[in-house]
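Below: one structure, written as structure tokens.
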There are 2 protein chains.
Amino acid sequence: MAEDREVTIYDIAKYLNISAATVSRGLKNNPMISKQTRKKITDAATMLGYQSNTFASSLRSRQTLTLGVLVPRLNSHFMSSVLAGMENAANLHGYNLIIAQSLEDVDKEKRNVLTMYNKRVDGLLISLSANAVDIQHLEPFFKKQIPVVFFDRVHPHADSTSVGIDNYEAAYKITTHLISQGCKRIMHLGGNLLRNVYTDRFKGYKKALKDHRLLFVESLHLVSNLSEQAGTEAARYILDLPAAERPDAVFSANDTAAVYCMLALKAAGLRIPEDIAFAGFNNDPISKVIEPNLTTMNYSGEAIGNTAATYLINHLKGSTDLYATNAITLRADLVIRASSLKKDAAG
Amino acid sequence: MAEDREVTIYDIAKYLNISAATVSRGLKNNPMISKQTRKKITDAATMLGYQSNTFASSLRSRQTLTLGVLVPRLNSHFMSSVLAGMENAANLHGYNLIIAQSLEDVDKEKRNVLTMYNKRVDGLLISLSANAVDIQHLEPFFKKQIPVVFFDRVHPHADSTSVGIDNYEAAYKITTHLISQGCKRIMHLGGNLLRNVYTDRFKGYKKALKDHRLLFVESLHLVSNLSEQAGTEAARYILDLPAAERPDAVFSANDTAAVYCMLALKAAGLRIPEDIAFAGFNNDPISKVIEPNLTTMNYSGEAIGNTAATYLINHLKGSTDLYATNAITLRADLVIRASSLKKDAAG
DNA sequence: TTGTAGGCGTTATCAC
DNA sequence: GTGATAACGCCTACAA
């Protein structure tokens with residue numbers, strides 16, 4: 001019963017007594033074909049239940065209308081916002097997304113890159129895994145001139161563009177804000193220094209200290225994966241410090257670590273911001289729920305995703321030269337909330 | 001300079017003075033081919049920079065090693081966990097994920113279904129949009145016997161399987177728990193009743209009321225999209241109620257609405273759980289950050305995603321009959337936290 | 001164990 | 001405007 005062969009343009013052609021070439025053209029609304037036949041074709045197509053075979057088409061036309069997306073982890077608030085933004089942009093232009101995660105593992109990242117290549121994605125959107133030392137594994141793409149756009153965790157490369165925010169400036173602003181609140185011993189919870197987002201935040205933090213004549217203290221710089229657990233451990237670390245060496249503020253490179261650090265310190269009886277002020281990064285939903293609300297850096301994951309995908313697609317459509325722009329920097333705004341308002345709390 | 005033609009199995013064949021067929025076999029580790037030639041082939045492949053063309057292969061072999069994933073929204077904690085679980089399972093078995101979101105819009109969902117079909121995904125994983133009345137639009141898949149697995153927001157269909165939790169029982173447990181704490185006027189913040197997850201939670205809630213001789217009160221049943229805003233509006237609604245008609249507990253069908261409702265009520269001076277107890281659903285990260293911590297239903301999005309994808313893949317590989325199982329129900333556990341512990345709070 | 005030949009469904013290139 | 005024909009890169013009977 002079940003007819004297994006696909007309905008092809010040949011079936012339509014036969015049905016209408018015209019050539020397959022004409023059907024192919026008619027289906028794509030090629031203006032060379034008369035309005036009449038075009039209508040006949042589309043009608044016959046729906047009535048025969050025709051559905052175009054994308055990869056037969058891809059094989060011939062050398063484009064897949066598919067973008068590869070490679071992220072460290074799928075399940076973070078920030079990343080899912082980015083994906084939502086990308087999906088919107090892609091969908092708008094008739095592109096699809098094929099998505100994989102590296103789980104912060106370069107080897108998996110490498111395999112994924114090759115898979116994307118084998119699937120002949122038209123372009124690649126990538127945010128690097130924590131421990132990727134270089135971008136050697138992207139060579140196949142560069143060699144074949146398949147456009148690559150980095151987002152968030154970027155890496156400079158002549159044949160690509162990066163989309164992100166100015167992490168240096170953002171961290172500088174946050175740190176300066178804490179200093180303006182009277183904080184003098186500001187701890188930094190940072191991420192893996194192989195990634196620009198974390199080195200830049202670290203540098204911005206140090207520069208702000210320096211500009212305000214505060215000493216950078218090694219023991220107040222912790223590097224971790226910024227997970228819930230890392231936040232809790234940071235709290236333990238702080239509590240174990242001699243009273244005189246305790247920080248009077250914490251600037252965390254993400255909200256998760258900040259919030260879990262706060263929770264543990266609160267449980268230990270410390271008052272925030274009186275005893276210790278806090279600032280995070282990302283404007284994650286939890287930053288608006290924790291008490292006191294967490295001062296943080298707000299920037300839109302959706303905007304980053306949308307921008308990166310749109311830029312890539314425009315390039316593919318030939319309306320933009322990918323290499324005209326090396327970096328696209330989106331805005332990030334300091335959102336001041338109670339967790340860092342030492343002066344108000346005192347007053 | 002840039003040689004634009006792809007490196008194909010013919011290039012390898014020519015290079016080694018063997019036939020393309022042998023190369024094709026060798027590349028797939030076909031045991032018919034001698035170990036020696038196999039090695040020669042793979043060596044030549046890497047040295048020539050060969051990368052297999054997936055869709056040329058797909059065109060011929062009629063399988064894409066790609067699964068379509070269709071979700072209402074990408075950017076929720078639950079959904080991104082699901083995706084992470086699916087990606088793990090898919091990756092493990094050599095499958096890829098092509099992902100799209102309907103943004104709760106049936107029409108977009110319909111278009112996406114067709115795109116997935118045109119891309120000839122080997123199987124479809126779908127969670128329905130809020131306002132999908134039927135699953136007429138999945139017919140192409142059913143007709144062609146392409147397996148479909150529903151997850152979370154499911155829909156009964158003879159030719160598919162569903163993966164989710166027992167929402168009815170979960171809601172029953174939650175409501176019973178609130179009743180056991182002495183609550184008598186329990187409000188329910190529910191979602192769109194077209195979706196099983198919300199009708200089942202609603203039914204479980206009503207059944208628990210009935211079993212404990214409590215009246216179901218229409219005015220204590222709100223239907224919304226369960227967003228932050230919906231939570232805040234629910235609080236407004238509660239505050240506007242005459243004192244005698246106010247609920248003494250709220251069971252929300254998700255944590256987001258619960259938490260934003262709590263925040264607004266707290267801001268208005270109500271005490272939780274003394275004045276009004278709370279329970280949510282999902283065990284979202286915010287439920288552990290809000291004060292008091294939110295009682296909720298815990299179930300793993302990753303497990304759901306992983307199970308759904310694994311099941312689908314096993315079916316594709318022929319090791320499972322898709323229709324042997326109509327529904328896979330994963331466990332969900334009540335996580336009791338301070339927000340619902342009226343008795344403790346009183347004591 | 002390997003080679004030959006034809007076809008998967010579409011589109012590009014010429015013709016007319 | 002439309003038609004013939006040859007690719008695109010790979011796989012798989014069948015033959016050797």
Side-chain angles (χ1 to χ4, degrees), chain A residues 3-42 44-45 48-66 94 117-122 140 144, chain B residues 3-42 44-45 48-66 115 117-122 140 144:
Chain A
E3 189 55 67
D4 225 32
R5 234 182 61 77
E6 303 220 353
V7 179
T8 74
I9 53 173
Y10 279 94
D11 298 320
I12 301 179
K14 203 167 293 173
Y15 181 79
L16 294 175
N17 271 317
I18 57 178
S19 80
T22 306
V23 175
S24 173
R25 294 184 185 112
L27 253 15
K28 324 192 69 185
N29 273 317
N30 186 322
M32 291 284 98
I33 304 295
S34 78
K35 271 236 148 104
Q36 279 189 47
T37 29
R38 253 190 287 175
K39 174 139 178 52
K40 278 201 302 187
I41 291 170
T42 47
L48 294 177
Y50 169 81
Q51 289 297 337
S52 82
N53 185 322
T54 312
F55 41 81
S57 163
S58 296
L59 178 58
R60 192 60 241 246
S61 67
R62 300 170 163 290
Q63 67 161 341
T64 54
L65 293 179
T66 299
Y117 182 92
N118 289 345
K119 296 243 167 178
R120 299 295 191 274
V121 295
D122 289 342
K144 230 188 148 206
Chain B
E3 189 56 67
D4 223 31
R5 234 182 61 76
E6 303 220 352
V7 178
T8 74
I9 52 173
Y10 281 94
D11 298 320
I12 301 179
K14 202 166 295 171
Y15 180 79
L16 294 176
N17 271 319
I18 58 178
S19 80
T22 305
V23 176
S24 173
R25 295 185 184 110
L27 254 13
K28 321 192 72 184
N29 273 318
N30 187 323
M32 292 284 98
I33 305 294
S34 79
K35 273 235 148 113
Q36 279 189 48
T37 28
R38 253 189 289 174
K39 172 135 180 55
K40 279 201 302 188
I41 290 170
T42 47
L48 293 178
Y50 169 81
Q51 289 298 335
S52 83
N53 185 324
T54 312
F55 42 81
S57 163
S58 296
L59 179 58
R60 192 61 240 251
S61 65
R62 297 171 165 291
Q63 65 162 343
T64 54
L65 294 179
T66 299
T115 312
Y117 182 92
N118 289 345
K119 296 242 168 177
R120 298 296 190 275
V121 295
D122 289 343
K144 228 189 152 204

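Letters go in sequence order (proteins before strands), and every chain restarts at 1.
- Looking at residues two or more places apart in sequence or on another chain, you find a salt bridge (Lys or Arg N to Asp or Glu O under 4.0 Å) between B:K39 and B:D43.
- Between B:T22 and C:dG3 there is a side-chain N or O to OP1 or OP2 distance below 4.0 Å.
- Between A:I9 and A:A20, the shortest heavy-atom distance links the atoms CD1-O, 3.9 Å.
- Side chain of B:R38 to backbone of B:I33: a donor-acceptor contact under 3.5 angstrom is found.
- Here the P atom of nucleotide C:dG7 and the CG atom of B:L59 are 14 Å apart, to the nearest Å.
- A 4.5 Å side-chain heavy-atom check between A:T22 and A:L16 finds every atom pair outside the cut-off.
- Legend: residues meeting salt bridge (Lys or Arg N to Asp or Glu O under 4.0 Å) with A:R120, ordered by chain and number and at least two apart, are B:E6.
- Looking at every heavy atom in both residues, B:A44 comes nearest to B:Y15 through CB-CD2, 3.9 Å.
- First and last contacts of DNA chain D with chain A, using any nucleotide atom under 4.0 Å from a protein heavy atom and ordered 5' to 3', fall at D:dG1 to D:dG9.
- The main-chain N or O of A:N118 is found under 3.5 Å from a side-chain atom of B:T54 such that the two form a donor-acceptor pair.
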Check your understanding: When every nucleotide of nucleotides 10-16 of chain C is labelled 5' to 3' by its protein contacts under 4.0 Å (heavy atoms), B for base, S for sugar-phosphate only, - for none, what sequence of letters results?
Key -> BBBBB--
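- Nearest approach of B:K119 to A:F55, heavy atoms of both residues: O-CE2, 3.7 Å.
- Taking atom CD on B:Q63 and atom P on C:dC8, their separation rounds to 18 Å, with Å as the unit.
- A:G26 and A:I41 make their closest contact through CA-CD1, 3.9 Å (heavy atoms, listed as atom of the first residue, atom of the second, distance).
- Taking the screw axis at each terminus of the helix from C:dT1-D:dA16 to C:dC16-D:dG1 from five consecutive base pairs, the angle between the two is 30° to within rounding of 10 degrees.
- Residues satisfying the salt bridge (Lys or Arg N to Asp or Glu O under 4.0 Å) criterion with B:D122, sequence neighbours excluded, are absent altogether.
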